[in-house]
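Below is one structure, written out as structure tokens; the observations come after it.
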Amino acid sequence: MFRINEHFLKLSAGYLFPEIARRVASFAAQNPAVAPRIIRCGIGDVTEPLPPAAAEAMHRAVDDLTQRDTFHGYPPPAGYDFVRTAIAQDDFRSRGCAIEDDEIFLSDGSKPDASAILEILGTGNRVAITDPVYPVYADTNVMAGNSGKALEGGGYDGFTYLPCTPANGFSPALPACVVDVIYLCSPNNPTGVVLDRAALTRWVQYARDHGAVILFDAAYEAFIREEGLPHSIYEIDGATECAIEFRSFSKVGGFTGVRCGYTVMPKALMATASDGTRVSLHSLWMRRWATCSNGVSWPVQCATAALYTTAGKAQTRALTDFYLENARVLARACETHGLATYGATNSPYVWMTCPRGMGSWETFDMLLREAQVVTTPGAGFGRCGEGFIRISAFNSRAHVEEVARRLAVLARR
Ligand SMILES: *Cc1c(COP(=O)(O)O)cnc(C)c1O
């Protein structure tokens, strides 16, 4: 009889987004008259069309595939050199980070990368994740067998949770016990908060002192506008020896449906095998990539490279500016109604405190019932998310302005 990966059985049943979808569908079925009024600010999916530079490059690339002379078959596993060079140059070397072209690994997105990385790390690592957290970091580690059972009230036994609260400015303190793998996401989903240079320097120092590895998710890097905030973990000295960075074109280029992202795997990052030999993670990752993937399609790589052209950069800047203005409109509406908010300035998420005494699912239900606005209850991201609501700024301006008006229902509480 064959076996299954029984770690999957530990996953807590009520995954956040299906539960939200269930509540919205049930409300719509019971209230058909107001159902068409529902506006979704829940899931962090983009709404605006592709930057024209990317769309045009993709069209041309499809034409390439129709001609014998310009046809492209299997791509190199980690991406074409012209794409890796554009990324390494523009996202890193131009900011003073010494990242080489062959340290960039193109993929179909950050979620797959965050999962794949566990294939080259061993099992049994002590994993630190923030609370609240993007659920993928926790769930992929549960699937890999790095946790114990799901706990009553959220979370898993065996993980080291790093609380992020208003008291610490949503910048987690170093763990009390020694950990091996540390997940950091900045700008953060769901809180929208950006870790500053001092915070990242503490984490890099910790990782170097304890032989830990930092998995740094910078999917929202393009939303950073404030001067002086780090855009990459590699802006911190020594980070190439202890950190892996994930980037995605989903939010910056509207690529959630196109699918492209990349991992930065520095050659300076070494691990020690159980027999004491030093092993390069870059070589393991390269091997994993060559064996398990055939890379990213020609049209998508061409579209990705187009985001780095002068026109592409202007268009992605305009796109992220648009969502940032949405976030500003939403945050201002919350403030008007007396609700403290976090995030929103260097991120497309508003992290709103619930009206006094209300829980996050209770606030979610009230916004759905009385305002027909779908949000994400903070408790779905972890225990420390209780008392908060995430409002996504990924929407049309008309919807955002309407949501801003409807948030008035919270002022009556
Ligand atoms: C949206 C998002 C990503 C991007 O995932 P893709 O698979 O590249 O679409 C990664 N990390 C976080 C925290 C996100 O919110």
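In what follows, residues are counted from 1 in the order of the sequence shown. As the structure lists them, so they are numbered: ligands from 1, and atoms in each ligand from 1. Note that the coordinates shown come from a computational prediction; the quantities given were computed from them, not determined experimentally.
- Between Tyr134 and Asn188, the side chains place no donor N or O within less than 3.5 Å of an acceptor N or O (distance only, hydrogens not considered).
- For atom 9 (O) of ligand 1, the closest non-hydrogen atom on the protein side is Ser250 OG, 2.6 Å.
- For the pair Arg23 and Trp361, the cation-pi test (distance below 6.0 Å, angle within 45°) is passed.
- Of all the heavy atoms of Ala219, the ones lying under 4.0 Å from any atom of ligand 1 belong exclusively to the side chain.
- Considering backbone and side-chain N/O of Tyr349, none are found under 3.5 Å from N/O of ligand 1.
- Below 30°, between 30° and 60°, or above 60°: for Tyr262 and Phe249 the angle between ring planes is between 30° and 60°, a tilted geometry.
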Item to complete: Would you sort out whether Phe216 and Tyr234 count as a ring pair (Phe, Tyr, Trp, His ring centres under 6.0 Å), showing the intermediate values?
Response: CA-CA 10 Å; Phe216 189 74; Tyr234 305 117; 8.1 Å; no
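- The closest approach between any non-hydrogen atom of Tyr220 and ligand 1 is below 4.0 Å.
- Between the Glu221 side chain and the Pro187 main chain, no donor and acceptor come within less than 3.5 Å of each other.
- For the residue pair Tyr308 and Asp91, a side-chain donor N or O sits within less than 3.5 Å of a side-chain acceptor on the partner.
- The nearest heavy-atom contact from the protein to atom 14 (C) of ligand 1 is Lys251 NZ, 3.3 Å.
- Residue contact check: Gly109 has heavy atoms under 4.0 Å from atoms 7 (O), 8 (O) of ligand 1.
- At a 3.5 angstrom cut-off on N or O pairs, Arg259 counts as close to ligand 1.
- Taking distance alone, with nitrogen or oxygen atoms compared against 3.5 Å, Asp108 stays at or beyond that limit from ligand 1.
- The closest side-chain heavy-atom distance from Tyr323 to Lys251 is not below 4.5 Å.
- Those atoms of ligand 1 with a heavy atom of Lys111 less than 4.0 angstrom away are 5 (O), 6 (P), 7 (O).
- Applying the side-chain contact (heavy atoms from CB on, under 4.5 Å) test to Leu324 and every residue at least two apart in sequence or in another chain returns Phe223, Arg225, Asp321.
- Among the atoms of Tyr137, none of the N or O lies under 3.5 angstrom from an N or O of ligand 1.
- Assignment of Pro112 to the shell around ligand 1 is supported, since a heavy atom sits closer than 4.0 Å.
- Compare Asp45, Asp217, Asn188, Asp113 by their heavy atoms: the one nearest to atom 12 (C) of ligand 1 is in Asp217.
- Judged by a 6.0 Å distance limit and a 45° cone about the ring axis, Arg40 is not positioned over the six-membered ring of Phe394.
- Less than 4.0 angstrom separates some heavy atom of Ser110 from each of these atoms of ligand 1: 4 (C), 5 (O), 6 (P), 7 (O), 8 (O), 10 (C).
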